[in-house]
Amino acid sequence: MDYLLQTKNLTKVYPNGTIANRGVDFGVRRGEILGLVGENGAGKSTLMKVLYGEESPTSGEIWLEGKSVTFSSSQDAIRAGIGMVHQHFMLVPKLTLAENLVLGKEPSKPRSGFFDLERAVSITEELAAHYNLNVFARARVVDVSVSMRQKLEILKALYRGAKILILDEPTSVLTPQETDELFLELKELQKHGQTIIFISHKLNEIFRLCDRVSVMRDGKMIATHDVADVDSQSVSNEMVGRDVQLSITKTKQKPGDMVLKVRDISFVDDFGIKMLDHVSFSLKQKEILGVVGVDGNGQSELVKVITGGLKTLSGQVIAHGKDITNKSQAIVRQAKVAHIAEDRMTEGTALAASIEENLVADRISLPKYSSKYGFLHKEIIEETAQDIIKSFDIRCSSPKQSVASLSGGNMQKVVVGREFTADADILIISQPTRGVDVGAIEFIHKRIIEMRDTGKAILLVSSDLQEVMSLSDSLIVMNSGKIVAYFPDASQTTDKELGLYMLGLKKQTAKEIEGVLS
Amino acid sequence: MKATTKRKESVFRKIGYFFSDKEKLEPTLVIIFTALFSILLGVGLIFLVSKDPVQSARNFVLGPFMRTYNIYYLIIAMVPLIFTGLALCIIYQLHYMSLIVDSSFYMGAVIATAIGVNVALPAGVHPLLAMILAGLVGGLIGILPAILRIKWRANELVSSLMLNYVFYFVGSYIILYFLRDRNQAILASLPFRSTFALPKLIPNTQLHAGVLIAILFIVLVSIFLYKTRWGYQIRVTGANPRFAAYAGIPVATVVILAHFISGFIGGVGGAVEMAGLYRAFIWQTNPSYAWDGVIVAMLAKRNPKYVPLSAFFLAYLRVGADFMSRRGDVAFEFVTLLQGFIILILASDKISNSLKIRRLRKAALASEQESKARTTMPSTEGNTL
C-alpha cells in the first residue's frame, strides 16, 4: 500500500534527553482521514512537529509521495503541501480574517504594489465558498468565535496549498454542536481530495470521523487499524498498555471537625468578569469535598483565593480559626494548608531545579532543614528527598536530576509527594491527574483516599467528572462563579444530573445549598 | 602518619573522580575551548593586519608569561573581574539582567576614596572600613533596579543602564567638588593617606592583598549560593518565580536580598581596587568592569567555582593584547573584537551547551538500548504498517 506521507524508523530525542519518538513508522494514505490517538506525552505532538518541520528528527526518514524529504523549517513543509492547525491558534487578533488568511502571501495592487485588501477579501470568500467553510472575511479575529477562528486556520493552510492537513486536538476548544459542524466540514474537505491527520484523545470522535486510527504510547507506534475493525475498548487498552479499570475503593468515614471556613468570597478578573460570586462553604476533617463544573466557571479562582494566589473582594477564608483572607501563599502554608497546583509545569514545580530542590521548597525555612544562621542541613534534605522518592514511587535515576527530565506522571508525583508530606491538615487539590499516565492516576487516587483516612480535610477540584465523583464524599457544583448545587452524599447523584447543574439548566434552592455551610 | 596517607589517598581519589566524571568537567572544558578558539581567532586577526605578525602573535600569546611583572599584572587584572563576575553570578542565578553592579563598583571606589582621603585610622582597619562602607553603599545602589522591577514592573536591564549614567555623574560630582586635588592638571582626588593602602604580597611589585580578598569572596559566594537557605531560595526563585511564591518562598525579599549582596560585592570590589592599586582616584572615565563581569559570569555558567578560571582567561587576553600593542602595530582595542566573539559563543545556547546536549542524548539512547535488551519477551503488539 502506498502512503502519501510516511515516516520510517523515526526517533526524536530532545536536548534535555527526553525521548519523544522511538523508531516510529507512521503513514497516511491519500484522501483518508487518519486518527492519531495516545495519552498525553505519548509523542503525538512531537511526531506532528517533525512532519511539519518544526522539529528535526534525531534519526529516521520522512517520505512524501515515495521520495525521501527533509524539512529544515515549517516553510519547507508548507511548500511541500503540509498544513497544520495548532491547538493554540496562530492568528493576529487585531487584523481581519482576510488579512490573516493572506498573511505571508499577500495580494498587491497591480500598479502601486500596495496591499490589496479587496482582493484579500475576495480570495477569502471564494476559498470559503469552495470548501464550504463560512467565515466573515471583513471581521477582526478578536470579534469572531473560536470555531470561526479554527475554520480560518484551516482555510489559511488550504490557501498555502496544503494537501495534507494536520489538526492538533481541534475539538478541545469546541462545544458539542461546533464539533458536529467541524466533522461535517472535514468530511467535505475529504471529498475535495484532502488528506487529514486528526489528533485526539477522545475515542468517540475518532470512531465518528476517521477511516483509520493509529495508536501511540510511550513514544512508540503501537498499532494502526481500520476503524471498522476495532472497538473503543481495544483501542483504549492499546493506548494505556493494559486493561483500563479505574475503580476506586474507599470506606465510608465519619467527617470530623470543621477546619476550613470559606465565607462569601468574590473575585472579578482583569476583563471585568465575575469569576467568583459570593461563594461560601465549609470543609471538615476526614472529608473529600469535590468541586465540579465546566472549566472556567470559577473553580481555579476559588482555589487561588483560598491558597493566597488571588485576592478576594469580600468575605473571609478561615483555616483552623485563623484568618487567612488575602494573606500571602507563605502565610497560608503556615496555617497548615497544602496545595497541589493545577499546572505542574508553570506553578507546581521549578523545571530547571533538581527533584530534591523541588521536594523541599515549601519547608526549607523550617529549623529541621536549615539552621538559624541559614546553612542547609544537606543530609536531612537528601534523606527527605529519598524518602519521598521511595514512598511516592518517583521514577528517576538520581534525586539531583532536573524535574524537566521526568515524565508527566513522575513530575506530578513530585508535586503530590511534596504536598502530601507537608505538615498540613487541609489539602487543596487541583487537577491531580491531568495529563498523567494511568499507572500514576491509580497511585495518586489511592494516596488521596489515604490522606482522607488519616484525617485530612480535602477540597478536590478536577475537570475529570468521573474522578471527582468517585473520589469525593460530598460535592458542590459551580456555574458562573456560584455554587448552584450541593450533594451531601456524592454517591447519591449521577453524572447526568450533575451535567444539568453544570450547564446552568438546573439550580438548587438556597436552602439546599446552605447544607454545605454546616 | 597512617591517617595522613589515608587522607591523601582520598584526595587523590577525589581528583581522579573529578577528571573521570565528564559531567563535572564540562564547564571547565567549555571555558578552555572558548579560550582556545578566541586565541586562535586573535592570532588569525593579527596575521591579517600586522606587518610583523609572528612577533605580534608571539607577544599576544606568550607575552603574559614572558616577564615576571606581566604575571603579577595578570593576577591583579583578575581582581576586579572576579568581583564583578561574582556579583553578576548572583544576579544571573536569579535570572535577572540588572547591570547596576557597574554603579556599585564605581561608587564603591568613590566612597573608598572619601574614606582614604579624609579619615585617619590605623593601617589594616582603614581599608577594611572603606570596604565595608563601599559594600553597603554598593548594596543599596544594587537594590534600586530590583525595587523598580517589583513595584512598577520596570525592566531592570533598562533601568540599571540608565541608573549607571546617573551614578557615574554622582560619583564624578563627589570627586570633583569634595575630593579633588586642585594642584593636578587632570581630574584626580587628593592622595590617599598611607594607612589606606593594602599590603603588598611581594614587596616592590604591584601584587597586593586584594587578590586574597577576591579569593575569600569566591569561597563565600560559593557557600552562600549552594550551602545556605538564601542561596537555595535565590536559585529556586530564578528557576521559576511562580513556583517559588507558590511554595511559600518570600520572592520579593529574596530578589532584594540577592541584589543587595550582589551590589555589596561590587562595592567592595571598587574599594579593593582603590586601596590595592592606586594612590589617588584618577579614573577619567568609568572603567565599566561590569561588562567584563558579564563575560566572566556567563563563561562560568553563573557558578562562582568557575569564576577564577574565566577571569583568568579574560585577564590573559587583556594583558597579552596590551603587551602586544605596546611592542607592535596591532592596537589594544582588538581585544574588544575577541570579546564580541566570546559573547557570541556564550549567547548561543546550542554551541556553549553542545557538550551537555550530546551527553544527555547519548545517555537517553543508551538507556533505551538497555531497556530493549532487557525485554526478552517478544512483543505481540506489532506495527501493522
Side-chain angles (χ1 to χ4, degrees), chain A residues 1 3 6 11 13-19 22 24-27 58 214-215 217 220-225 238 241 307-309 328-334 339 341 346-353 357-358 360-365 369-371 373-376 378 381 397 402-403 405 418, chain B residues 23-24 93 95 223-254 257 261 302 349-350 352-372 375 379-385:
Chain A
M1 186 69 206
Y3 293 107
Q6 194 180 4
T11 295
V13 185
Y14 280 109
N16 66 11
T18 311
I19 307 179
R22 305 156 196 260
V24 170
D25 292 315
F26 169 80
T58 309
S214 289
V215 187
R217 180 181 45 176
K220 285 182 285 229
M221 188 57 72
I222 301 301
T224 301
H225 312 280
E238 281 177 344
T307 55
S328 74
Q329 285 154 313
I331 288 171
V332 172
R333 281 184 180 273
Q334 279 163 22
H339 166 34
T346 61
E347 194 169 15
T349 62
L351 291 175
E357 287 168 336
N358 270 279
V360 296
D362 64 323
R363 58 201 72 168
I364 200 71
S365 299
Y369 297 93
S370 59
S371 73
Y373 305 105
F375 288 99
L376 298 173
K378 281 255 154 146
I381 290 172
S397 48
S402 77
V403 167
S405 63
R418 181 185 59 232
Chain B
E23 191 180 331
K24 286 204 166 147
Q93 286 281 1
H95 284 228
I223 292 174
F224 174 73
L225 275 177
Y226 292 98
K227 306 255 185 243
T228 71
R229 176 164 75 227
W230 306 293
Y232 168 87
Q233 292 180 333
I234 288 171
R235 286 181 293 120
V236 170
T237 302
N240 182 355
R242 270 188 72 188
F243 167 72
Y246 154 81
I249 291 172
V251 172
T253 315
V254 168
L257 174 79
I261 290 174
R302 53 182 192 245
D349 239 22
K350 230 178 176 171
S352 62
N353 282 330
S354 55
L355 283 171
K356 188 176 160 194
I357 292 171
R358 246 180 47 192
R359 169 171 55 82
L360 287 172
R361 180 173 291 172
K362 246 167 127 180
L365 289 173
S367 74
E368 179 78 357
Q369 291 296 332
E370 206 175 280
S371 67
K372 245 185 211 161
T375 33
S379 167
T380 47
E381 321 145 332
N383 196 325
T384 59
L385 276 179

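FYI, side chains are in, hydrogens and waters are out, and symmetry mates aren't considered; it's all heavy atoms of this structure.
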| task | With sequence neighbours excluded, tell me which residues meet side chain to side chain contact (heavy atoms under 4.5 Å, CB included) with T253(B). | result | P250(B)
| task | Look up atom CZ in F375(A) and atom CZ in F224(B), then write down how far apart they are to the nearest 0.5 Å. | result | 10.5 Å
| request: Taking all heavy atoms of A330(A) and all of G248(B), pick out the closest pair and write down the distance. | output: CB-O, 3.4 Å
| field | Greatest number of heavy atom pairs closer than 4.5 Å to chain B - which of D362(A), V215(A), L376(A) | value | L376(A)
| remark: Residue from A352(A), S370(A), G308(A) scoring the most non-hydrogen pairs under 4.5 Å with chain B is S370(A)
| remark: Comparing G309(A), A361(A), S397(A) against chain B, the one with the most heavy-atom pairs below 4.5 Å turns out to be A361(A)
| remark: When every non-hydrogen atom of T349(A) is compared with those of N240(B), the smallest separation belongs to O-ND2, 2.9 Å
| request: Pick one of side chain, backbone, both or neither for S371(A), based on which atoms fall under 4.5 Å of a heavy atom in chain B. | output: backbone
| said: What part of V360(A) gets within 4.5 angstrom of chain B, counting heavy atoms only: side chain, backbone, both, or neither? | reply: both
| field | Under 4.5 Å from a heavy atom of chain B, the part of R363(A) involved | value | neither
| Close side-chain approach of L351(A) and F243(B), heavy atoms under 4.5 Å | no
| said: For chain B, which candidate among T346(A), N358(A), T58(A) shows the most heavy-atom pairs at distances under 4.5 Å? | reply: T346(A)
| said: Under the rule for ring-ring contact (aromatic ring centres under 6.0 Å, His included), what residues qualify as partners of Y246(B), not counting sequence neighbours? | reply: H339(A)
| field | Region of S328(A) in contact with chain B, defined by heavy-atom distances below 4.5 Å | value | neither
| query | Who wins among E347(A), Q329(A), R418(A) for the most heavy-atom pairs under 4.5 Å with chain B? | reply | E347(A)
| message | At a 4.5 Å cut-off on heavy atoms, which part of Y373(A) comes close to chain B: side chain, backbone, both, or neither? | response | backbone
